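A quick note: this is a predicted structure, and the numbers were derived from the prediction, not measured.
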Amino acid sequence: MDEKGVGRARAARLKLPGYLGTSHELLTPVFMPVGTVGTVKGIMPTELHHMKAQIILGNTYHLYLRPGHQRVERLGELHRFMGWDGPILTDSGGFQVFSLADLNKIDDEGVTFQSHLDGSRHRFTPELSMEIQKALASDIVMAFDQCPPYPAEPEVVEAAMRRTVKWAERGLNVPLKDHQTRFGIVQGGLYEELRIRSAQEITSLPFDGFAIGGLSIGETPELMQKMAYFTAPHLPVDRPRYLMGVGRPEDLVEGVRAGIDMFDCVMPTRNARNGQLFTSRGKINIKNAKYAEDKDPLDPECACEACTKFTRAYLRHLFVSKELLSARLNTIHNLTYYIHLMSQMRLAILEDRFEDWTKTFYRNRENDVR
């Protein structure tokens, strides 16, 4: 991993072996659109390439339940199945097991749960998580971890942290496919001592990269940013750092400022479907009546199709009419905005002007449009 830094902020090149012998190079900082069940909702793979998405995220829990990891493998593995030839990171399924499923039992061996789809009973172990991700053939495989709830007492968070380390060790014993790399996950909640201990133990294991997990699960953005900023320096400088499930544009900026390289979040896609759009001047709720006759583009600084071909009035019309095109155009815009935001930060770091860029970013949002 080659890098250049300004303060803690890093612009790096992350080399991945690549699926089917085609190597990939990720330019960081990077945002990963979320394609939970093998699709970024409503978006074609060609459109992801057009907006310069470098890597997308799939989810072990969801793909295990439907259509099943063994079926995906029989049908050519996840890249071929979904028609995406870029890198894929798969979440281990740990967060979804704890947040979506009706839990029956957590023990040192694994988790027994009921599917949120049909109530059927299943059991996840660190070994099974690795086997599922091996079958999917993702490029980056995440260790199976226990994400404690928020808020939680220190002893609860510590137990989850210890279990996460043990599960990481067990997962490493499962061989993967030749092109796959592994990331470990640091837990510890909002307790600095536990974060330090977790980072020390996880980074002692032979992972190719490290993630900060267990944040953005109910705590305030300020607490999340504080803990990410605290944890990042405890991760190796020569390995990629990934902040899981974060977040708002401001969170990405503060994450990069903290020295983090990789991000994912459902916010740009989910909020797009609900009519909240992110622009260079702040958020716009396109359903608001004041946009009914607004002839301006959504964001004059954006080159996406929604901004270059349509007006705010038309985008509002589509949304209030519940047209499918509304969700597609809104999603194309929000993802384009997030991906462009990351490329702007990378360029600012490379040109030694990241702090000045950050000041401009916040100044442009002072009069946040609505």
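Remark: the backbone N or O of V72 is not paired with any side-chain donor or acceptor of R80 at under 3.5 angstrom. A donor-acceptor contact shorter than 3.5 Å links the side chain of T331 to the backbone of A327. Listed for the S120 side chain is no donor-acceptor partner under 3.5 Å among the backbone atoms of S115. Judged by distance alone, the side chain of D261 and the main-chain N or O of R241 form a donor-acceptor pair under 3.5 Å. Side-chain atoms of R239 come within 3.5 Å of backbone atoms of F207 as a donor-acceptor pair (strictly under, hydrogens ignored). Between the side chain of R121 and the main chain of Q114, no donor-acceptor pair closer than 3.5 Å is present. Here the side chain of R312 pairs no donor or acceptor atom with the backbone of I284 at under 3.5 angstrom.
Ring planes of H49 and W84: parallel class, angle under 30° (limits at 30 and 60°).
Under the 4.5 Å side-chain contact rule for hydrophobic residues, L27 and L335 do not share a cluster. Taking hydrophobic clusters as Ile, Leu, Val, Met, Phe, Trp and Tyr residues chained together by side-chain heavy-atom distances below 4.5 Å, I185 does not share a cluster with L194. Hydrophobic clustering (ILVMFWY, side-chain heavy atoms < 4.5 Å, transitive): L205 and V174 are in distinct clusters. Y61 is not connected to M142 by any chain of hydrophobic side-chain contacts under 4.5 Å among Ile, Leu, Val, Met, Phe, Trp and Tyr, and they are in different clusters. Clustering ILVMFWY residues whenever any of their side-chain heavy atoms sit less than 4.5 angstrom apart, transitively, puts M244 in the very cluster that holds V34.
A salt bridge links R162 with E158: at least one charged nitrogen is closer than 4.0 Å to a carboxylate oxygen. Ion pairing between R257 and E355 holds under the 4.0 Å rule for side-chain N and carboxylate O. Using a 4.0 Å cut-off between charged side-chain N and carboxylate O, E254 and R248 make no salt bridge. Under 4.0 Å is where a charged nitrogen must lie from a carboxylate oxygen, and between R123 and E109 no such pair does. Salt-bridge formation is not detected for the pair D108/R170: no Lys NZ or Arg NE/NH1/NH2 atom is positioned less than 4.0 Å from an Asp or Glu carboxylate oxygen.
Using a 4.5 Å heavy-atom cutoff, the side chains of N334 and L277 are in contact. Considering only heavy atoms from C-beta on, T46 comes within 4.5 Å of M44 through its side chain. Residues D251 and P221 meet the side-chain proximity criterion, which asks for heavy atoms closer than 4.5 Å. Side-chain contact between T36 and Q96 is absent, with no heavy-atom pair separated by less than 4.5 Å. At a threshold of 4.5 Å between non-hydrogen side-chain atoms, the residues L63 and N59 do not count as touching. With a 4.5 Å cut-off on side-chain heavy atoms, T203 and L235 count as touching. You'll find the side chain of F263 reaches within 4.5 Å of the side chain of V256, heavy atoms only. At a threshold of 4.5 Å between non-hydrogen side-chain atoms, the residues D299 and F278 do not count as touching.
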Show the numbers, then the answer: is there a side-chain contact (heavy atoms from CB on, under 4.5 Å) between Q344 and L347? CA-CA 5 Å; Q344 285 182 305; L347 183 61; 6.0 Å; no
Check the pair M82 / I56 against side-chain contact (heavy atoms from CB on, under 4.5 Å), numbers first and verdict last. CA-CA 11 Å; M82 65 180 295; I56 63 173; 3.3 Å; yes
Does the side-chain contact (heavy atoms from CB on, under 4.5 Å) test come out yes or no for F31 and C265, once each step is laid out? CA-CA 8 Å; F31 179 81; C265 190; 4.2 Å; yes
Using side-chain contact (heavy atoms from CB on, under 4.5 Å), reason through E301 and H340 one step at a time and then give a plain yes or no. CA-CA 11 Å; E301 296 183 22; H340 182 59; over 6 Å; no
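The line from OG1 of T181 to CG of L89 is 8.0 Å long, rounded to the nearest 0.5 Å. A distance of 9.5 Å separates CZ in F354 from CZ in F361, rounded to the nearest 0.5 Å. Considering CD1 of I140 and CG of D208, their distance stands at 9.0 Å, rounded to 0.5 Å. With rounding to the nearest 0.5 angstrom, the CE atom of M32 is 13.5 Å from the OH atom of Y338. To the nearest 0.5 Å, atom CZ of residue R66 and atom CZ of residue R71 are 11.5 Å apart. I88 CD1 to L78 CG: the interatomic distance, rounded to the nearest 0.5 Å, is 4.0 Å.
Taking the six-membered ring where the residue is Trp, the centroids of Y291 and F319 are separated by 6.0 Å or more. Less than 6.0 angstrom separates the ring centroid of H62 from the ring centroid of H116. Remark: aromatic rings of H234 and F210 are distant, center separation not under 6.0 Å.
Between I217 and P149 the shortest heavy-atom distance is CD1-C, 4.2 Å. Nearest heavy-atom pair across F183 and P240 is CZ-CG, 3.5 Å. Contact detail for T279 and G282: the closest heavy-atom pair is OG1-O, 2.7 Å. Between T60 and G93, the shortest heavy-atom contact is CB-N, 3.9 Å. For the residue pair Q180 and K134, the shortest heavy atom distance occurs at OE1-CA, 3.6 Å. In terms of heavy atoms, G86 sits closest to D139 at O-OD2, 4.1 Å.
Checked against R328 for a salt bridge (Lys or Arg N to Asp or Glu O under 4.0 Å), the options E323, E47, E305 give a single hit: E47. Checked options W167, Y64, F95; the residue passing with F124 is Y64 (criterion: ring pair (Phe, Tyr, Trp, His ring centres under 6.0 Å)).
With 3.5 Å as the limit, one finds a donor-acceptor pair spanning the side chains of Q133 and S129. For the residue pair R363 / T360, a side-chain donor-acceptor distance below 3.5 Å is found, with atom types taken as modelled. In summary, the side chains of T164 and Q187 do not present any donor paired with an acceptor at a separation below 3.5 Å, with no hydrogens or angles considered. Judged purely by distance below 3.5 Å, without hydrogens or angles, the side chains of Y242 and D264 pair a donor atom with an acceptor atom.
No more than 12 heavy atoms of other residues, nucleotides or ligands lie within 6.0 Å of NZ in K226, so this atom counts as exposed by the packing criterion. For CD of Q70, the number of neighbouring non-hydrogen atoms (other residues, nucleotides, ligands) closer than 6.0 Å is 12 at most. For H50, the NE2 atom is loosely surrounded, since the number of other residues' heavy atoms within 6.0 Å does not exceed 12. In E155, the CD atom is crowded: over 12 heavy atoms of neighbouring residues, nucleotides or ligands sit closer than 6.0 Å. Open room surrounds CG on D178; 12 or fewer heavy atoms of other groups in view lie less than 6.0 Å from it.
Annotation: cation-pi pair R8/Y229 present, NZ/CZ under 6.0 Å from the ring centroid and within 45° of its normal.
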